[in-house]
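Here the structure comes first, spelled out in structure tokens, and everything after it is commentary.
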Amino acid sequence: MADPVVASHLSLVLKAPPTISSPSQFLLQQHSKPMASSLNSAASLRLFASSSSSSSSAAARLSLRSTSLSFSSSLKSLAFSTLSRHKRGSAVSVSSTGGFSSVASPKCAASDPDQLKSAREDIKELLKSKFCHPILVRLGWHDAGTYNKNIEEWPRRGGANGSLRFEVELKHAANAGLVNALNLIQHIKDKYSGVTYADLFQLASATAIEEAGGPKIPMKYGRVDVSGPNECPEEGRLPAAGPPSPADHLREVFYRMGLNDKEIVALSGAHTLGRSRPDRSGWGKPETKYTKDGPGAPGGQSWTVQWLKFDNSYFKDIKAKRDEDLLVLPTDAVLFEDPSFKVYAEKYAEDQETFFKDYAEAHAKLSNLGAKFNPPEVGL
């Protein structure tokens, strides 16, 4: 992120429309709803949103991921084309002008290398104009972060498979607001039909980190998309930010993904990007001296002073504990309290190069979790 950002939990749950029979119908209904600016929706995020298996109110209290719940007209084609292409030879999409058109149906195979490269350039331009780095990072993380290493069957095991484009998963409390990320990149998906949603989500996430000044992520592509909402994971697989026992909770969730303590701490470092808004997540201040002027819609509380720059400030600022205008959640503070986590957190606070190296490896590993690659795997 040349001007980056990353995630914040959201306490609000997407309200289900009265009667919806398909993902496309769900998204088409949102056309009539007002939408805040892209800058507003992109400005505040947290890497993983809270998702509790208890009551919806409990999920809402624990949910800390913050993004706008508004929708825009360009979302009309979202999820519709992929669901259709497995039933017919071509996918039907709705253009931004409201007309219907037939588009080439991408195969469930490795994404086209040339289209991937072009899509990456388009994502870079989007980041420059919308400052949406954090919400795009969150999009990739949330698609991959449902992975359960104890389940072998694809796609029931979850992971990076493009399932997050469907209504049933978008409505999970942890994913509140992520429809805005889909809105931002849907025109890129429409433009490059040879790129799967699963690949596009991960491409956008890695590109956002790199463009924010972070490390180059050793990515590979060729992920296969799930074909319908019946293949989405159940709710409750993503971590919370304010659980009663933060260290135990982080290990329970990330160990289930096959990640270790070093990777938990390294990935947490992406919170160097973004801000949280109390009116959306229940966490943070309405405004601080670091967020009152934006960029994007002003307001919220950031984890770091330069919250659009990817560096090791997150670890430095948590360790210093001297600025009340900077946000520290229970799952942030525990990184310097738990003996095992602290070893890595201290190292990353002192050595940005080591943090970048470990983060890049952990991000790449996360982006591959649960994915089914249809060979050959493509590198960029």
Side-chain angles (χ1 to χ4, degrees), residues 10 13-31 33 48-49 51 56 59 63 65 67 69-72 74-88 91-94 103 105-106 108 135-136 138-148 151 153-190 193 195-205 223-238 369-372:
L10 191 66
V13 181
L14 291 174
K15 295 182 180 179
T19 304
I20 299 171
S21 58
S22 69
S24 55
Q25 183 183 350
F26 163 69
L27 292 162
L28 285 168
Q29 286 188 8
Q30 309 314 314
H31 177 47
K33 299 184 180 182
F48 275 115
S51 179
S56 60
S63 181
R65 229 139 310 240
T67 56
L69 291 178
S70 332
F71 300 77
S72 88
S74 61
L75 261 179
K76 290 181 291 183
S77 63
L78 182 62
F80 190 76
S81 61
T82 303
L83 188 59
S84 300
R85 72 166 170 260
H86 293 272
K87 297 179 181 179
R88 295 186 290 274
V92 178
S93 64
V94 187
V103 296
S105 175
C108 279
I135 199 171
L136 295 187
R138 184 178 167 219
L139 178 67
W141 280 48
H142 281 221
D143 198 46
T146 59
Y147 176 63
N148 186 339
I151 301 175
E153 179 188 355
W154 184 92
R156 196 169 65 87
R157 64 194 182 200
N161 57 30
S163 64
L164 189 48
R165 71 193 189 276
F166 290 111
E167 174 213 348
V168 64
E169 192 168 345
L170 280 172
K171 286 173 59 180
H172 291 179
N175 295 326
L178 277 178
V179 69
N180 291 305
L182 294 167
N183 173 44
L184 285 165
I185 66 171
Q186 182 60 36
H187 74 282
I188 299 177
K189 179 67 179 76
D190 294 340
S193 60
V195 177
T196 63
Y197 277 100
D199 271 351
L200 183 62
F201 293 168
Q202 300 309 319
L203 175 65
S205 182
R223 296 169 186 79
V224 175
D225 281 339
V226 297
S227 60
N230 60 308
E231 295 179 324
C232 291
E234 74 281 2
E235 186 166 6
R237 294 194 186 186
L238 296 175
L369 295 180
K372 180 168 75 171

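These numbers were taken from a predicted model, which means no experiment stands behind them. One-based numbering along the sequence shown. All values below were derived from every heavy atom in this structure, side-chain atoms included, with hydrogens, water molecules and symmetry-related copies excluded.
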Partner set under side chain to side chain contact (heavy atoms under 4.5 Å, CB included) for Pro155, not counting sequence neighbours: Asn161, Val226, Glu231
Which atom names give the shortest non-hydrogen contact between Arg237 and Arg156, and what distance separates them? NH2-O, 3.1 Å
Heavy-atom pair of closest approach, residues Glu169 and Ser163: OE1-OG, 2.6 Å
Residue pair Arg165 / Phe201, side-chain heavy-atom distance below 4.5 Å: yes
Closest non-hydrogen atoms of Ala174 and Leu238, given as atom of the first, atom of the second and distance, are CB-CD1, 3.6 Å
Among all residues two or more places apart in sequence or in another chain, which pass the side chain to side chain contact (heavy atoms under 4.5 Å, CB included) test with Ala181? Ile135, Leu136, Leu139, Leu178
Main chain of Gly370, side chain of Arg157: is a donor-acceptor contact present, judged purely on distance under 3.5 Å? yes
Find out whether Tyr197 and Gln186 are in side-chain contact, i.e. whether some heavy atom of one side chain is under 4.5 Å from a heavy atom of the other. yes
Quick one: does Asp225's side chain have a donor or acceptor within less than 3.5 Å of a partner on Ala198's backbone? yes
On a heavy-atom basis, which atom in Leu164 and which in Asn175 lie closest, and how many Å separate them? CD1-ND2, 3.3 Å
Do you know the tightest heavy-atom contact between Thr196 and Asp199? OG1-N, 3.1 Å
Shortest non-hydrogen contact from Trp154 to Val224? CZ2-O, 3.6 Å
Check: Gly177 main-chain N/O paired with Asn180 side-chain donor or acceptor under 3.5 Å: yes
